[in-house]
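A quick write-up on the structure given underneath.
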Amino acid sequence: MTKVLLLTPPFDLHRRMGIFAEGGAVMPGLGLLYIAAVLRANGFLVVILDAEGRRLGFKETVENILEEDPDIIGISTTTLNIGSAARVAKGIKARAPETKIVLGGPHVTAMPVDTMERYPAVDGCVLGDGERSFSRLVRNIQEREPVDSGLDGLVWRENGRLMMVDKKGHFEDLDSLPFPAWDLLKGFPEIYRPPFHSYRRLPVANIITTRGCPYACSFCDRSVFGRKVLSHSVEYVVEMIAYLVREFGIREISIKDDMFTRFPERVMAFCRQLKKKGLALGWSCNARVDGISEEMLKEMKKAGCWMISYGIESGSPSMLKRMKKGITLSQVRHTLEITRMSGIVTKGFFMLGIPGETRQTLQETLSFIQEIPLDEMNVNFFTPFPGAAMTEEAISDGFTPVFEHMNMVDAVFIPHGLTAGELKQYQRKIIRRFYCSPRKVASLLFRAVRGVDELKRIVRMGKMLVQLVLEKIFHPERKP
């Protein structure tokens, strides 16, 4: 029987999150879990190795893989971890050259040929959502058939040359997929943690209920799931949650859809089904500020929703226009107000340093964050990821990608007229102004009662905030 090992490559959380690492998330990748479930349903022997989640180093990862002796290795990649994935591939090929190594994920979907040319130890890349294509690829390899037989979305290395099969579309019948294979994850759910300010009760599981996004934000790459929104049925989602509660003792759900609130009637039906099933657990989700109503918020609150994260991105109208975000600041104010009135915690995501950013627009964002009713906030730097429309503009402005630094924490792109130091100072000033108030400090301390591990985590995050405050006290000359 063909044995497949699916890998999340090793990666240091401090490289991904910088000074915010202590509060950062380490959660399992749902893409690999869906693919594992499909492979298992098709009769293949499947092993998952989450090297990042288990905090394995490079040597440990390679040794673990060799002990499993797989026929095929599938590695999930992002732009940030592509170098780590390639290093593992090279290490495996040096000791087990007959093992087939296949990459998937957003980075290789956006840059398949470049990936294959850069990393000769990689045999192929599966593009897009992957469940169907990778399963057929494994079947073809097992049966020793040509790898392009009946496949779509594939780049393959054959006799020293690259062969590319055109991408033909996305997996549309989402309810035909088995539940993600959480049971194959060693240490699930105990070893996983979301960001410390993004949950109330452990253990937590991430789920995705929709795929795709119809909007055209210029900083975002939509090549994996496309612009058509596809949904699991409400029944599927509720049964999946019930399974997580029953089998793993999950007490909270984090819904990671880009477009969970896209279809209001579906959200309302989901809330009704949760209550009908008696699933009294907390949950959170992401949403756009232009897709929310008071009626929906009331139902979400009654069904256990405690936090909604909104992609606000900027407090400058001109920057929102450049991002093609399709929202207004008045919409942001209104939605945050009605969300808070419903009793749901509000969180905002912001992005500094897109092409065209100036000191004035940075100050507009700082001022806007101070005046809106946000309970939580996350502010990162614009990162020109492959496949995003704005990346081409950044490259024309002189940006040269260095993948291992593209973590949204390092300021890798600097708009004309600004410096990296200025961007970082604005980020830190926003964090200081927002989190160093008595109300926010009390909120952080309240979270510490969850347990000793969380108290340690809060203390480490507190040190980071103290550093930001001391920097302002002892270096007041630094601007802004």
Side-chain angles (χ1 to χ4, degrees), residues 2-9 29-46 48 70-79 81-82 85-86 88-90 92-93 97-174 176-177 211-212 221-228 230 385-387:
T2 297
K3 185 176 185 179
V4 182
L5 184 143
L6 300 177
L7 172 71
T8 302
L30 286 168
L32 278 191
L33 299 184
Y34 271 110
I35 289 174
V38 170
L39 289 172
R40 183 166 58 181
N42 282 297
F44 300 111
L45 181 60
V46 186
I48 297 178
D71 301 291
I72 302 168
I73 301 171
I75 308 179
S76 176
T77 67
T78 63
T79 297
N81 75 13
I82 185 66
V88 171
K90 183 177 180 181
I92 295 297
K93 281 290 188 181
E98 297 304 313
T99 305
K100 299 299 183 184
I101 300 177
V102 184
L103 306 187
H107 182 86
V108 303
T109 298
M111 302 183 67
V113 175
D114 177 86
T115 299
M116 296 294 289
E117 291 175 345
R118 282 176 186 258
Y119 308 119
V122 174
D123 293 293
C125 295
V126 169
L127 315 183
D129 37 22
E131 289 96 349
R132 177 173 52 201
S133 295
F134 189 63
S135 183
R136 289 181 179 174
L137 174 61
V138 172
R139 178 75 65 191
N140 286 1
I141 292 173
Q142 176 178 269
E143 302 298 331
R144 301 183 184 277
E145 296 177 354
V147 295
D148 63 339
S149 177
L151 291 172
D152 55 12
L154 175 72
V155 182
W156 193 255
R157 199 185 308 276
E158 191 73 52
N159 298 321
R161 65 182 184 85
L162 296 184
M163 175 186 66
M164 186 163 184
V165 182
D166 290 337
K167 191 173 180 182
K168 297 179 181 177
H170 299 281
F171 195 101
E172 299 208 1
D173 185 11
L174 297 188
S176 68
L177 294 170
R211 298 182 181 186
D221 169 38
R222 295 174 300 281
S223 58
V224 173
F225 291 140
R227 298 186 63 171
K228 181 179 179 180
L230 303 170
F385 287 114

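- Partner of His107 under the side chain to side chain contact (heavy atoms under 4.5 Å, CB included) criterion, out of Asn81, Thr78, Thr115: Thr115 alone.
- In terms of modelled atom types and a separation under 3.5 Å, the side chain of Asp71 and the main chain of Lys3 share a donor-acceptor contact.
- Not one N or O on the side chain of Asn140 forms a donor-acceptor pair closer than 3.5 Å with the backbone of Glu145.
- Take Ser135 and apply the side chain to side chain contact (heavy atoms under 4.5 Å, CB included) test, not counting sequence neighbours, and it matches Val38, Leu39, Asn42, Phe44.
- Although no hydrogens or angles enter the test, the distance criterion places a donor-acceptor pair under 3.5 Å between the side chain of Thr109 and the main chain of Gly128.
- Tested against Ile73 for a side chain to side chain contact (heavy atoms under 4.5 Å, CB included), the candidates Val122, Leu103, Thr99 yield a single pass: Thr99.
- Of all heavy-atom pairs spanning Leu32 and Gly74, the tightest one is CD2-O, 4.5 Å.
- The structure places CD1 of Ile35 at 11.0 Å from CG of Leu30, a figure rounded to the nearest 0.5 Å.
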Report task. Go through the steps for Thr2 and Val138 under the test side-chain contact (heavy atoms from CB on, under 4.5 Å), then give the verdict. Result -> CA-CA 8 Å; Thr2 297; Val138 172; 4.0 Å; yes
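- For the residue pair Met164 and Pro112, the shortest heavy atom distance occurs at CE-CG, 4.0 Å.
- Residues Pro386 and Ala110 share a closest heavy-atom pair of O-CB, 3.6 Å.
- Of all heavy-atom pairs spanning Ala86 and Tyr119, the tightest one is CB-CD2, 3.3 Å.
- Nearest heavy-atom pair, Asp221 versus Pro106, reported as atom, atom and distance to 0.1 Å: OD2-O, 4.0 Å.
- The backbone N or O of Met116 sits less than 3.5 Å from a side-chain atom of Arg157, completing a donor-acceptor pair.
- Closest of all the heavy-atom pairs between Leu6 and Phe134 is CD2-CE2, 3.8 Å.
- One N or O on the side chain of Ser176 and one on the backbone of Asp173 form a donor-acceptor pair closer than 3.5 Å.
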Query raised in the report: Should Asp123 and Trp156 be marked as a side-chain contact (heavy atoms from CB on, under 4.5 Å) after you check the CA-CA gap, both sets of side-chain angles, and the distance that decides it?
Result: CA-CA 6 Å; Asp123 293 293; Trp156 193 255; 4.0 Å; yes
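- Only one option out of Ile72, Ile75, Leu7 pairs with Ile101 in a side chain to side chain contact (heavy atoms under 4.5 Å, CB included); it is Ile75.
- Contact check on Lys100 versus Glu158 returns no salt bridge, with no Lys/Arg side-chain nitrogen under 4.0 Å from an Asp/Glu carboxylate oxygen.
- The number of heavy-atom neighbours closer than 6.0 Å to NZ of Lys93, taken from other residues, nucleotides and ligands shown, is above 12.
- Scored by the side chain to side chain contact (heavy atoms under 4.5 Å, CB included) test, Lys228 finds Glu172, Leu230 as partners (sequence neighbours excluded).
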